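All values derive from a computational prediction rather than experimental measurement.
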Amino acid sequence: MTETRRAEIAGAGLAGLTAAAVLAQRGWKVRVHEQGEGLREIGAGIYLFENALRVLEAIGAYDDVAGRAEQIFDGDLRDHRDRLVIRRNERRAVNSRLFVALRRDLHGALARAATAAGAEIVTGSRALAATPDGRLELASGLGGRADLVVGADGVHSRVRDSLGLATSIVDLGDGCGRHLIPRTTADPVQRTFEAWNGGRRIGVAPASRDWVYVFLCCPSTDIAGRLQQPFDTEEWIRSHPAYADQLRRIPRHPEGRWLTFYDVRCRAWSSGRVAVLGDAAHAMSPNLGQGACTAMSNALALGQAVSGRADVPAALRLWELRERPYTDRTQRYSLLYGRVGTRWPRPLLDVRSRLVPVVARSPRFRRAMSQAAEHVPRLEAGA
């Protein structure tokens, strides 16, 4: 395997750029295709747990991201009466670092790591399909055969669907608006807040020196909660008065908008020399903050699996066998979290407030919630 191997990646999001950096650093010739005319990430925050932070360390992007982000040590979950339900203390746990960063800072750091390693990023290049023998079909035509094709092209992946890999793409019936607001002294420091009232949830998290990330989740049927362009400040203050200060800082016409959550499930994560990654393979609700984190961890594992192994299809099967159980369990528990937070009957909200801390103290539940964050991919040849 002395000859340089070539990888074509569809999608320059967080998953695709992570894969590009991992592969290029291992000697692959990598080209990333982004359908947009430029690299862009939504103006929102993102939770980065231990598994994502280890990936950033592995590709040399940790300092670039952590230096701009805020490390979180505590987090409060409060109920419809503004009572404390759970208080998380990250200082007590081993291997449980948590940062909140701006998505655009993370995206930029991944792009810099990929290009510094020699990856090429082509914008205005739309992927339409792929063939199992390693050909990526673009709007501009069918490319030559690559040793590896990665479909990291999102929930509605053209690469995945061209290979018939999806078994279900489910609209979960709830979603979220994500916003950034200017930071003031009234905002939490190294602490996050989340509050539930009926099916509505608000989260407040410092994401940089200058910005605070606010997320607003609600069921699809909550039309008043969904309509966030223009943003109805008083509607959300009505359900979450304790956060009026942050809510009033969301612009009337914000950059963020309400987007629905999806679950994507696949019969397999690969076909021949083609792998699907991130939302294309396992989109999940963001309730555990693991959608991007598992995508990044799986991208690292993918690069480990195919580098040093001549048989790429076999390496992809090994990758899925070793990594998919962590992702599947995380997807299921994230769905459960969303059901409890969004679909709980309003007359029984006080019951929810009593039940949630009891369940959260369960060792089995705690292991389930942290298993993806604590997982370390070890798929290097010979491992």
Peer 1: Have Asn51 and Glu374 got a donor and an acceptor in their side chains that come within less than 3.5 Å?
Peer 2: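 No, no side-chain donor-acceptor contact under 3.5 Å.
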
Peer 1: I'd like to know if Glu8 and Lys29 make a salt bridge, using a cut-off of under 4.0 Å between side-chain N and carboxylate O.
Peer 2: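 Lys29 and Glu8: not salt-bridged.
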
Peer 1: When the ring centroid of Tyr213 is compared with that of His179, is the distance short of 6.0 Å?
Peer 2: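 Aromatic pair excluded; centres sit 6.0 Å or further apart.
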
Peer 1: Fit a plane to each ring of Trp269 and His282, take the angle between them on a 0 to 90° scale, and name the class: parallel (under 30°), tilted (30 to 60°) or perpendicular (over 60°).
Peer 2: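 Rings of Trp269 and His282: tilted, as their planes differ by 30° to 60°.
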
Peer 1: Taking Arg87 first and then Asp76, would you say they form a salt bridge - that is, a charged N and a carboxylate O separated by under 4.0 Å?
Peer 2: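 A salt bridge is present here (some side-chain N lies under 4.0 Å from a carboxylate O).
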
Peer 1: In terms of side-chain geometry, is the basic nitrogen of Asp279 or Arg160 positioned less than 4.0 Å from the acidic oxygen of its partner?
Peer 2: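 No, Asp279 and Arg160 are not salt-bridged.
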
Peer 1: Distance from Ser297 atom OG to Tyr326 atom OH, nearest 0.5 Å?
Peer 2: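 Rounded to the nearest 0.5 Å, the OG-OH separation comes to 9.5 Å.
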
Peer 1: Working to the nearest 0.5 angstrom, can you tell me the gap between Asn197 CG and Cys218 SG?
Peer 2: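 Reported value, rounded in 0.5 Å steps: 12.0 Å.
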
Peer 1: In plain terms, say whether Asp133 and Arg273 are close enough for a salt bridge, that is, a side-chain N and a carboxylate O under 4.0 Å apart.
Peer 2: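 Looking at Arg273 together with Asp133, the answer is no, because their closest N to O distance does not fall below 4.0 Å.
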
Peer 1: Would you verify whether the NZ or CZ of Arg339 falls within 45 degrees of the ring axis of Tyr337 while also being under 6.0 Å from that six-membered ring's centre?
Peer 2: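 Because its charged atom misses either the 6.0 Å distance or the 45° angle limit, Arg339 does not stack over Tyr337.
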
Peer 1: So how far is it from Thr330 OG1 to Met284 CE, rounded to the nearest 0.5 Å?
Peer 2: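 So the OG1 of Thr330 and the CE of Met284 are separated by 6.0 Å.
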
Peer 1: Looking at Arg238 and Glu235, is there a salt bridge between them, counting it only when a charged N and a carboxylate O are closer than 4.0 Å?
Peer 2: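 The answer is yes: the pair qualifies as a salt bridge.
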
Peer 1: Taking the side chain as every heavy atom from C-beta outward, state whether Ile250 and Leu180 have any atom pair closer than 4.5 Å.
Peer 2: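 SC-SC contact between Ile250 and Leu180 ruled out.
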
Peer 1: Say you draw a straight line from CH2 of Trp258 to CD of Gln229; how long is it, rounded to the nearest 0.5 Å?
Peer 2: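 So the CH2 of Trp258 and the CD of Gln229 are separated by 13.0 Å.
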
Peer 1: Checking Ser168 against Arg265: is there a side-chain donor and acceptor pair closer than 3.5 Å?
Peer 2: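 Side-chain D/A pair, Arg265 to Ser168: absent.
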
Peer 1: Can we say Asp105 and Arg103 salt-bridge, meaning some charged N sits less than 4.0 Å from an Asp/Glu carboxylate O?
Peer 2: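 Looking at Asp105 and Arg103, the cut-off is not met.
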
Peer 1: Looking only at heavy atoms, what is the nearest atom pair of Ser220 and Asp174, with distance?
Peer 2: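 So the minimum-distance heavy-atom pair works out to OG-N, 3.5 Å.
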
Peer 1: Do the charged groups of Asp222 and Arg226 touch, with an N to O distance under 4.0 Å?
Peer 2: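 No, no charged N to carboxylate O under 4.0 Å.
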
Peer 1: Do Arg78 and Trp196 meet the cation-pi criteria used here (NZ or CZ under 6.0 Å from the six-membered ring centre, within 45° of the axis)?
Peer 2: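 No, Arg78 does not sit over the ring of Trp196.
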
Peer 1: Decide, yes or no, whether a salt bridge links Arg68 with Asp63 under the criterion of side-chain N to carboxylate O below 4.0 Å.
Peer 2: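 No, Arg68 and Asp63 are not salt-bridged.
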
Peer 1: If I take atom CG from residue Leu84 and atom CG from residue Asp79, how far apart are they, to the nearest 0.5 angstrom?
Peer 2: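 The CG atom of Asp79 is 9.0 Å from CG of Leu84, to the nearest 0.5 Å.
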
Peer 1: Would Arg183 pass as a cation-pi partner of Trp211, given that its NZ or CZ must be under 6.0 Å from the six-membered ring centre and within 45 degrees of the axis?
Peer 2: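 No; the conditions do not both hold, so Arg183 does not lie above the ring face of Trp211.
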
Peer 1: Between Asp350 and Arg81, does any NZ, NE, NH1 or NH2 come within less than 4.0 Å of an OD or OE carboxylate oxygen?
Peer 2: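 Yes, this pair counts.
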
Peer 1: Would you compute the distance between atom CG of Asp187 and atom CD1 of Ile181 and round it to the nearest 0.5 angstrom?
Peer 2: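 Taking CG in Asp187 and CD1 in Ile181, the distance rounds to 5.0 Å.
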
Peer 1: Examine the side chains of Ser157 and Asp153 and answer whether a donor and an acceptor come within less than 3.5 Å of each other.
Peer 2: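 Yes, a side-chain donor-acceptor pair sits under 3.5 Å.
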
